[in-house]
There are 2 protein chains.
Amino acid sequence: MRATVPITVNGLKTACSQCNLVELCLPFGMADSELSRLDELVGARRKVKRQQNLYRAGDPFEAIYAIRAGSFKTDVLLEDGREQVTGFQMTGEILGLDGISTETHSCNAVALEDSEVCVIAYDKLEQLSHEIDGLQLQFHKVMSREIVRDHGVMMLLGSMRAEERLAAFLLNMSQRFNARGFSSQEFNLRMTREEIGSYLGLKLETVSRAFSRFQEDGLISVQQKHVLLLDPAGLKKLIQHQQGVR
Amino acid sequence: MRATVPITVNGLKTACSQCNLVELCLPFGMADSELSRLDELVGARRKVKRQQNLYRAGDPFEAIYAIRAGSFKTDVLLEDGREQVTGFQMTGEILGLDGISTETHSCNAVALEDSEVCVIAYDKLEQLSHEIDGLQLQFHKVMSREIVRDHGVMMLLGSMRAEERLAAFLLNMSQRFNARGFSSQEFNLRMTREEIGSYLGLKLETVSRAFSRFQEDGLISVQQKHVLLLDPAGLKKLIQHQQGVR
DNA sequence: CAAGCTCGTTGACCCACGTCAACCAAAAAA
DNA sequence: TTTTTTGGTTGACGTGGGTCAACGAGCTTG
């Protein structure tokens, strides 16, 4: 069992209008005039240390969270202990949408490194959505994007072979690092082989072997969590032209 | 290539307030006073014949759809022709949410039988959500429920073995038929073994074999699309106590 | 009411990935 | 620093489910 309590809430508010993540986050695409009204939306920021939960399955739903710094994984647990990682989230991405439907969170959100989130009280979001036109649309887009992303993961899990899954995963990470101003070729993964495996429906050994295979084939260079994409086009080709199994 | 055009739009409007699907559909949980205002939401109904598309990946997004009668599947296609069924939808369920994020549908929706949907123009929904308090919340819940459902499918695909997947699928269908006033023990599936297989990340032969195995073990009785659940508890146990593979 | 379909079942065989185990490198703790 | 723990790699081997193929039962269409 991991410690759950020691989570710091710090009072210093951040204005969305002055946040450099604005073009990745909930306010993306909103007019400046609307943007300033958003500043009342973020109640507080909250720090979450590595390995700590932002929330757990079963927790009452009160707020959604925008990642200000760091990264998270979300997962679902079966009674018998099996874990399925349902996603990895980076700065600007929104956590907690699963809680709206039953007013109870249905998955766990765990920080992969020391992180910080903006707490967005859901009732305030609802209320402001009535008033600010662009906010409602943006929020709907965020939820819809999550649904589309989930369909992509189903495609991965249901129809692709191990190496295709890992290739798709690496290209996805690359694209997301790039969108955040980091290199698309070189990055450090924040999750373990086991977590990648859980996400991709594979055992950690299979993930490790696929990494090694890619390196042998000159597609990437890996050392532990450090990844260098030498041939992104090659990875893309692997997904499209490889014979599917299932 | 399948015919795409011959889809009937019929003018006769249905009031949500008089629809018997109200407690399964978007308006679920809304006050009567709010409900009557909803009637302006549904523009028209549209019939979709078996095997025809309600919409296709790439179509511009304009509306979401509530299923009035019949059933659908949604799927995603890879360039090389691989298909992943992302869901099966029944009466009262909402289709088209994937389109909001990019204003373009990202999957295909195909009728499994002759069906009928209520067309809900998205701009009208947005507008009414500003005015009717309960509507916004309900819509958010519908989207959130879809996200939670998707996580469940990821669990299936990523962490369960073939027989567990099929057991979970059958119990899910049973529960949904039951919610619609049909028997939870006996029902007719609307999809083929291949479609079930695609949804569950299995080949049709594996699905067929799992059906046969369940029948041998006295858990169900199957003949083609007709299913009789003889021992739902046994199916449940299979999911919880079986050793997971992945 | 045949003649074609499409869909489902079953068997024989095979392979991608899981399992088990040994080992090493990094990171954390002492 | 040394010790311990955690995470990653690699090999040998086993198996769940994929592949290929034959066949039969319902629908559908003429």
Side-chain angles (χ1 to χ4, degrees), chain A residues 2 49-51 73 82-85 110 112-114 156-167 169-170 188-216 220-227 238 242-246, chain B residues 2 49-51 73 82-85 110 112-114 156-167 169-170 188-216 220-227 238 242-246:
Chain A
R2 266 157 193 161
K49 286 212 168 300
R50 190 175 122 84
Q51 301 279 45
K73 70 169 176 182
R82 281 181 275 180
E83 177 197 30
Q84 176 66 37
V85 171
V110 183
L112 294 175
E113 59 195 307
D114 291 359
L156 266 189
L157 293 170
S159 309
M160 292 165 89
R161 9 173 70 252
E163 293 190 0
E164 294 179 280
R165 296 184 202 185
L166 187 64
F169 169 75
L170 288 173
N188 282 294
L189 298 171
R190 302 291 141 82
M191 66 292 287
T192 67
R193 299 289 189 263
E194 186 168 22
E195 287 164 334
I196 297 172
S198 172
Y199 179 62
L200 299 178
L202 302 168
K203 291 273 109 174
L204 66 94
E205 293 94 330
T206 306
V207 174
S208 181
R209 276 186 250 268
F211 267 118
S212 302
R213 188 91 213 294
F214 287 170
Q215 181 155 258
E216 280 167 37
I220 66 171
S221 160
V222 224
Q223 199 179 16
Q224 309 284 116
K225 294 194 158 61
H226 182 86
V227 178
L238 210 108
Q242 199 160 331
Q243 205 63 261
V245 186
R246 308 248 153 86
Chain B
R2 266 158 195 161
K49 285 211 168 299
R50 192 173 118 84
Q51 301 280 44
K73 69 169 177 184
R82 278 180 277 180
E83 177 197 30
Q84 176 67 36
V85 171
V110 182
L112 295 175
E113 60 195 309
D114 292 358
L156 265 189
L157 292 171
S159 310
M160 290 165 89
R161 11 176 65 256
E163 292 188 1
E164 292 178 282
R165 297 185 201 185
L166 187 64
F169 169 75
L170 289 173
N188 281 294
L189 298 171
R190 301 291 141 83
M191 65 294 282
T192 66
R193 298 289 189 264
E194 186 168 22
E195 287 164 335
I196 297 172
S198 170
Y199 180 63
L200 298 178
L202 302 168
K203 292 272 110 173
L204 66 93
E205 293 94 330
T206 305
V207 174
S208 181
R209 276 186 252 267
F211 268 118
S212 301
R213 188 93 212 292
F214 287 170
Q215 181 153 260
E216 279 167 37
I220 66 170
S221 160
V222 224
Q223 198 180 16
Q224 308 284 118
K225 294 194 158 62
H226 183 86
V227 178
L238 210 107
Q242 198 160 330
Q243 204 62 264
V245 187
R246 305 247 156 84

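All chains are named by letter (A, B, ...) in the order of the sequence lines, taking the proteins before the strands, and each is independently numbered beginning at 1.
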Passing candidate, side chain to side chain contact (heavy atoms under 4.5 Å, CB included) with Leu166(B), options Leu238(B), Ile220(B), Leu202(B), Ile196(B): Ile196(B)
Side-chain N or O of Lys225(B) less than 4.0 angstrom from OP1 or OP2 on dG26(D)? no
To the side chain of Ala162(B), which of dG17(D), dG8(D), dC7(C) is closest? dG17(D)
Please give, in whole Å, the distance from dG16(D) C1' to Glu164(B) CD? 12 Å
Need the bend value for the helix from dC1(C)-dG30(D) to dA30(C)-dT1(D): angle between end axes, 5 pairs each end, nearest 10°. 50°
Each nucleotide N or O in nucleotides 9-11 of chain C that has a protein N or O under 3.5 Å away: list the pair and distance.
residue	atom	partner	partner atom	Å
dT9(C)	OP1	Arg193(B)	NH2	3.4
dT9(C)	OP2	Arg193(B)	NE	2.9
dT9(C)	OP2	Ser208(B)	OG	2.8
dT9(C)	O5'	Ser208(B)	OG	3.2
dT10(C)	OP2	Ser212(B)	OG	2.5
dG11(C)	N7	Arg209(B)	NH1	2.8
dG11(C)	O6	Arg209(B)	NH2	3.2

Whole Å only: how far is the CD atom of Gln51(B) from the P atom of dC27(D)? 16 Å
Starting at atom CD of Glu195(B), determine the distance to atom C1' of dT6(C), rounded to an integer number of angstrom. 12 Å
Got a donor-acceptor contact below 3.5 angstrom from the Gln84(B) side chain to the Ser198(B) backbone? yes
In this structure, CD of Glu164(B) is separated from CZ of Arg161(B) (nearest 0.5 Å) by 6.5 Å
Side-chain donor-acceptor distances from residues 206-215 of chain A under 3.5 Å, at least two apart:
residue	atom	partner	partner atom	Å
Ser212(A)	OG	Ser208(A)	O	3.1
Arg213(A)	NH1	Glu163(A)	OE2	3.4
Gln215(A)	OE1	Val222(A)	N	2.8

Return the value, rounded to whole Å, for the distance between atom CG of Asn188(B) and atom P of dC27(D). 11 Å
Between Asp114(A) and Arg50(A), does at least one N-O distance fall below 4.0 Å, as a salt bridge requires? no
Rounded distance in Å - CG (Leu166(B)) to P (dG8(C)): 13 Å
Quick check: closest heavy atoms across Arg165(A) and Met160(A), and the distance to 0.1 Å? NE-O, 2.8 Å
For Tyr199(A) and Leu157(A) the tightest heavy-atom approach is O-CD2, 3.6 Å
Residues two or more places apart in sequence or in another chain: which of them pass side chain to side chain donor-acceptor pair (under 3.5 Å) with Arg190(B)? Glu113(B)
Euclidean distance, atom CG of residue Leu200(A) to atom P of dC17(C) [Å, nearest integer]: 12 Å
Does dT19(C) have its OP1 or OP2 closer than 4.0 Å to a side-chain nitrogen or oxygen of Lys203(A)? yes
To the nearest angstrom, how far is Arg161(B) atom CZ from dC17(C) atom P? 16 Å
Return the value, rounded to whole Å, for the distance between atom CZ of Arg165(B) and atom P of dG17(D). 7 Å
Contacts of Glu195(B) meeting salt bridge (charged side-chain N to carboxylate O under 4.0 Å, His left out) (sequence neighbours excluded), chain-then-number -> Lys73(B)
